[in-house]
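If you're wondering where the values come from, they're calculated on a predicted model, not measured in any experiment. Read the numbers this way: they start at 1 and go in the same order the structure lists the ligands and their atoms.
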Amino acid sequence: MTATSEIMIRNARLFDGTGAAAVVRDLSVADGIITAIGRDLPGTAAQEMDGSGLALAPGFIDVHTHDDAMVLQPGGMEPKLSQGVTSVVTGNCGICLAPGLPEGASVPTPPLDLLGDAAAFRFPEFGDFIDALHGSGPEVNVFPLVGQTLLRLRAMDRPGRPATAAEVERMREDLARAIAGGAAGLSTGLAYPPARFASTDEILALARDVAAAGLLWTTHMRDERSGVVSAVAETLDIARRSGVRTLISHHKCCSQAAFGLSRTTLAMIEEARKELSVGLDLYPYTASSTVLLPTFARDSTKVTVTWSDPHPEMEGRDLKDIAAEWGVSQDEALERLKPGGAIYHQMDEGDLRRIMAYPPTLIGSDGLPQDRRPHPRLWGTFPRVLGHFARDEAVLPLETAIAKMTGQTAALLGLKDRGLLKPGCKADLVLFDPEQVIDRASYAEPTLPPAGIRQVWVNGAPVVEDGAYRPGRPGAGTVIGGCRAAA
Ligand SMILES: [Zn+2]
């Protein structure tokens with residue numbers, strides 16, 4: 001008998017990514033494209049799979065990552081592929097690897113250093129980063145954003161103040177070159193210095209250029225603590241005045257004074273969505289993670305060090321214990337540990353669940369792959385939503401959870417041929433056991449792969465087989481979403 005397609009998955013519970021309830025169907029793939037979906041599809045395939053009792057979904061899209069360096073590493077994407085993630089949005093929170101560091105800078109200014117050391121920032125132009133991606137053959141599909149913090153540092157000699165008109169012009173020129181080089185949008189990280197010194201007008205000028213190019217703006221807002229309501233207001237103001245497609249990154253309410261404010265922020269977003277294209281995403285944990293920042297530490301019930309260049313022996317330990325051991329204040333201990341990063345326990349589960357259940361909310365990991373003891377969100381986000389929050393806690397139906405990782409995400413990113421199971425779409429697929437799927441990565445053991453993810457394909461190429469990541473599949477993924485000028 002001749003094979004009529006490369007992959008045939010039979011009798012799986014098919015979640016098509018739209019949020020519709022599952023139906024039992026067969027699905028076939030040829031040349032990296034879904035060719036047919038139906039009952040008892042005729043023909044055979046080189047790879048025949050029995051999907052009975054398993055869920056088949058579009059490959060998950062991690063809408064918020066810092067995988068800029070990891071996507072360039074051969075075999076580097078295990079943390080994502082093992083979760084069923086087949087596409088990642090890089091360059092979030094204002095930070096990215098290209099264009100290069102400002103002239104004369106020998107080390108990346110925090111928070112750029114979340115992505116790596118100076119050697120990682122080796123691309124003079126954004127297009128060089130895209131060329132390197134094509135050259136290395138990424139294991140996943142990459143939707144690359146350019147970060148405003150890097151553009152700002154390149155444009156300003158003293159970035160601890162609002163930019164002048166001439167400096168904003170320099171950022172706009174850099175942005176235009178990055179877009180021509182293949183950037184799929186712009187990100188900002190206004191909570192951190194040096195970007196937090198940017199005025200609303202500085203961001204608005206850049207947002208207008210992004211809107212004119214038809215691209216996406218993602219923003220780590222200026223305040224995610226007691227000022228989160230005014231930060232949402234600023235974001236919506238920029239979205240309204242620029243017309244830019246907007247995504248609020250990792251929406252959360254940190255510190256006790258902010259607990260419950262998600263009721264207000266979600267109502268504001270809901271109202272704005274009547275006339276604007278505004279989305280939001282979330283990671284499913286009540287602890288955040290970033291570089292060492294005293295304001296974050298003061299608002300947290302517990303702070304765990306994820307990396308420290310001067311004191312690597314303190315990685316994985318609590319700041320309070322380190323301070324006691326050194327006989328200094330927590331602020332002083334934090335200063336001594338710099339440069340470094342931490343996990344901050346500072347959110348309320350009620351806000352987390354409310355934001356997760358809000359229909360427009362997408363799922364993004366915000367994982368930090370360069371951290372030596374990373375936040376477990378890097379390895380656990382997607383199975384945690386599916387297994388813990390959808391199945392065990394019933395915070396949302398499974399088909400809704402899947403749509404927040406697939407079809408809804410693709411719609412926000414403007415991807416027409418991903419995120420859905422339908423003939424003609426790219427064969428980014430994940431086959432998983434809905435009874436077994438669960439995250440195993442924890443704060444104590446942050447790099448454990450999840451359980452229950454059986455098979456993953458990127459553009460039809462198998463990258464996880466029988467629950468095990470298969471390294472060495474370069475070129476399975478591709479660069480998506482930009483509008484690169486013809487060379
Ligand atoms: Zn962020």
Side-chain angles (χ1 to χ4, degrees), residues 62-70 88-97 108-116 143-153 185-198 203 206 216-225 227-228 231-232 234-235 238 246-255 258 262 265 278-293 295-297 299-300 303 306-307 339-347 351-352 355 361-371 374-378 381 409 412:
D62 190 344
V63 80
H64 189 98
T65 87
H66 296 288
D67 294 345
D68 305 54
M70 193 164 77
V88 299
V89 178
T90 61
N92 277 288
C93 301
I95 64 177
C96 61
L97 293 181
T109 307
L112 290 175
D113 58 349
L114 283 176
L115 297 179
F143 188 100
L145 306 175
V146 64
Q148 190 261 346
T149 297
L150 179 55
L151 302 188
R152 191 165 208 273
L153 285 165
L186 175 76
S187 74
T188 48
L190 302 175
Y192 311 104
R196 76 177 160 89
F197 300 106
I203 305 304
L206 300 170
L216 175 71
W217 171 47
T218 73
T219 184
H220 178 155
M221 298 187 300
R222 204 177 283 282
D223 197 325
E224 296 180 316
R225 301 198 291 272
V228 66
V232 170
E234 181 191 33
T235 304
I238 292 169
T246 300
L247 180 64
I248 295 173
S249 296
H250 45 56
H251 190 38
K252 55 183 173 295
C253 301
C254 297
S255 85
S262 60
T265 60
V278 180
L280 69 165
D281 63 69
L282 157 126
Y283 53 79
Y285 297 86
T286 52
S288 67
S289 185
T290 186
V291 289
L292 287 168
L293 292 169
T295 47
F296 277 51
D299 279 349
S300 302
V303 180
T306 52
W307 62 281
I343 294 167
Y344 304 92
H345 293 265
Q346 54 179 187
M347 288 170 238
D351 287 309
L352 176 73
I355 297 169
T361 302
L362 308 175
I363 304 301
S365 72
D366 201 11
L368 297 171
Q370 310 314 123
D371 286 11
H375 188 301
R377 67 195 185 190
L378 176 66
T381 288
T409 315
L412 181 116

Check against side chain to side chain donor-acceptor pair (under 3.5 Å), Y285 and R377:
CA-CA 7 Å; Y285 297 86; R377 67 195 185 190; over 6 Å; no

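- Protein N/O/S atoms nearer than 2.8 Å to the Zn ion (ligand 1) total 3.
- Counting only distance, with no hydrogens or angles, the side chain of H220 and the backbone of G94 share no donor-acceptor pair below 3.5 Å.
- Using cut-offs of 30° and 60° for the angle between ring planes, the H64 and H66 rings count as perpendicular.
- With 3.5 Å as the limit, one finds no donor-acceptor pair spanning the side chains of S187 and T218.
- For H251, there are no ring-ring contact (aromatic ring centres under 6.0 Å, His included) partners two or more places apart in sequence or in a different chain.
- The two residues T149 and C93 have their closest heavy-atom pair at OG1-O, 4.2 Å.
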